[in-house]
Protein chains: 2
Amino acid sequence: MQTTQQLDHQTCFALYSAARAATAAYREALAEIGLTYTQYVTLLALWEQDGRTVSELGTTLRLDSGTLSPLLKRMAANGLVERRREGKDGRTVTIHLTDAGHDLETQVASIQRRLYDAVDMEPEELATLRDLAQRFCASAAEITHPDTQGAPR
Amino acid sequence: MQTTQQLDHQTCFALYSAARAATAAYREALAEIGLTYTQYVTLLALWEQDGRTVSELGTTLRLDSGTLSPLLKRMAANGLVERRREGKDGRTVTIHLTDAGHDLETQVASIQRRLYDAVDMEPEELATLRDLAQRFCASAAEITHPDTQGAPR
DNA sequence: AGTAATTGGGTTGTGCGCAATTGAATTGCG
DNA sequence: CGCAATTCAATTGCGCACAACCCAATTACT
């Protein structure tokens, strides 16, 4: 008799629940400054390095153009970013923070600190969770799209 | 100068990415038997205990009626479950597996084992990841909806 | 019994996520 | 140069998630 594992024992379900709990924890505070969670992580990526192309953002955030295109369009409509076709390559669109987009960083930093403090876990535990989740992500991605590189002959 | 944490250092972003990597890893195999990831976890819950109400499923899966109602309607349309209004309480709808819904368990068990084996992490690491993610989930939920119980006076 | 408050499920609207497709721009190759 | 293959972004369509709302059934209180 083949039987499935209990829901409680599933690492994937734990990640799925925890990720939604994380975005839910951010939701209210981000909504007050007009952001969704995905828009927030997009800003994190741009604060680290402005002027990225859509596909570079997609690689960093692991999101595709079907998600990013409308998202960036909404953010542009809200005055947080500008989209420019400027390079020698006429296909790429670079995303640039506006002043309003830059100005949110201080408020967001305070939201981050507040939530980090509110979670009832030790810093080392959160770091372990983060590292294991990153490794899981890399390993699962390897299953989904086997890296062509590194496998000669 | 208040500055935000790097994306790589964010536990929440790691969870957000890992959860999507997890559902992506399941996607192809589940699609072959006509399931989405959310439908799959709903079946896991029903295999553990059939005949639950919509709200009981919502508690277990941490999903609300706005997600579950249409989801269960699609699963009923696909012949996996039946929805019955049968209790003394005329508001509750109980969800019952059909034979087709039961029969998927064997195939799903094999998909679970296959993916578990394909992930390049040790069983203890996956268990640690699961436990930390569960604790994070509980702690974040506490922030979002502070439990009224346990705080007298 | 009668009214208020609560509960259970459903609907609507918005915003992701992602597969699949499209179309324009660029590169590769003879 | 000329044409095929590739790349980048956008679009379309579907299925979640969730807030906000609605309605009917039930419970609580008088």
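Chain naming here is simple, since letters A, B, ... match the order of the sequence lines and numbering starts at 1 in each. Just so it is clear, the values below take in all heavy atoms, side chains as well, and ignore hydrogens, waters and symmetry mates.
Separating the CG atom of L72(B) from the P atom of dG10(C) is a distance of 8 Å, rounded to the nearest angstrom. Taking atom CD of residue E86(B) and atom P of nucleotide dA25(D), one finds them 17 Å apart after rounding to whole Å. The CG-P distance, from L61(A) to dA9(D), rounds to 13 Å in whole Å. Computed from coordinates, the L68(A) CG to dT12(D) C1' distance equals 17 Å when rounded to whole Å. Distance K88(B) NZ to dT7(C) P: 19 Å, rounded to the nearest Å. The interatomic distance linking L15(B) (CG) with dG17(C) (P) rounds to 14 Å, in whole Å. One interatomic measurement links the two molecules: CZ of R62(B) to P of dC16(D), which rounds to 19 Å at whole-angstrom precision. Residue L30(B) contributes atom CG, which lies 15 Å from atom P of dG15(D) at whole-angstrom precision.
Expressed to the nearest 0.5 Å, how far CD1 of I95(A) lies from CG of L71(A) amounts to 9.5 Å. From D50(B), atom CG reaches atom CG of L97(B) across 4.0 Å, with rounding to the nearest 0.5 Å.
In the set dC18(C), dA19(D), dA9(D), the nucleotide with an atom closest to the side chain of R20(B) is dC18(C). For Q39(B), taking side-chain heavy atoms from C-beta onward, the closest of the listed nucleotides dA9(D), dC16(D), dG10(C) is dC16(D). Distance from the side chain of T36(B) is smallest for dC16(D) among the nucleotides dC16(D), dT26(C), dG15(C). Residue L63(A) places its side chain closer to dC18(C) than to any other of dC18(C), dG9(C), dG15(C). Residue V54(B) has its side chain nearest to dG10(C) when only dG10(C), dC18(C), dT26(C) are considered.
Residue T38(B) places at least one side-chain N or O under 4.0 Å from the OP1 or OP2 atom of dA17(D). When the side-chain nitrogen and oxygen atoms of T67(A) are compared with OP1 and OP2 of dG17(C), none of them lie within a distance under 4.0 Å. OP1 and OP2 of dA9(D) both lie 4.0 Å or more from every side-chain N or O belonging to K73(A). For R85(A) and dA9(D), the shortest distance from a side-chain N or O to OP1 or OP2 is not below 4.0 Å. At dG17(C), none of the side-chain N or O atoms of R27(B) fall inside 4.0 Å of OP1 or OP2 (strictly under the cut-off).
As judged by a 4.0 angstrom heavy-atom cut-off over every strand, T53(B) is placed among residues touching the sugar-phosphate backbone only. G66(B) comes within 4.0 angstrom of a nucleotide base, judged by non-hydrogen atoms across all strands. Across all strands shown, D89(B) has heavy atoms under 4.0 Å from sugar-phosphate atoms exclusively, and none from any base. Among the atoms of the strands shown, only primed sugar atoms or phosphate atoms (P, OP1, OP2) are found under 4.0 Å from some heavy atom of T92(A). Nucleic acid contact class of S69(B) (heavy atoms, under 4.0 Å, all strands): base.
Mapping R91(A) and Y37(B) onto DNA chain D by nearest heavy atom places R91(A) closer to the 5' end of the strand. Between S65(B) and L71(B), the residue anchored nearer the 5' end of DNA chain D, judged by the nucleotide with its closest heavy atom, is L71(B).
dG13(C) is paired with dC18(D) under the criterion used here, namely a Watson-Crick or G-U wobble arrangement in which both key atom distances are under 3.5 Å.
Under the side-chain hydrogen bond (donor to acceptor under 3.5 Å, both in side chains) rule, R52(B) has a single partner from T42(B), T60(B), T59(B), which is T60(B).
Looking at H96(B) and L46(B), their side chains never come closer than 4.5 Å, going by heavy atoms from C-beta outward. In this structure, the side chains of Q112(A) and Y116(A) stay at 4.5 Å or more apart for every pair of heavy atoms.
Here the side chain of W47(A) pairs no donor or acceptor atom with the backbone of Q6(B) at under 3.5 angstrom.
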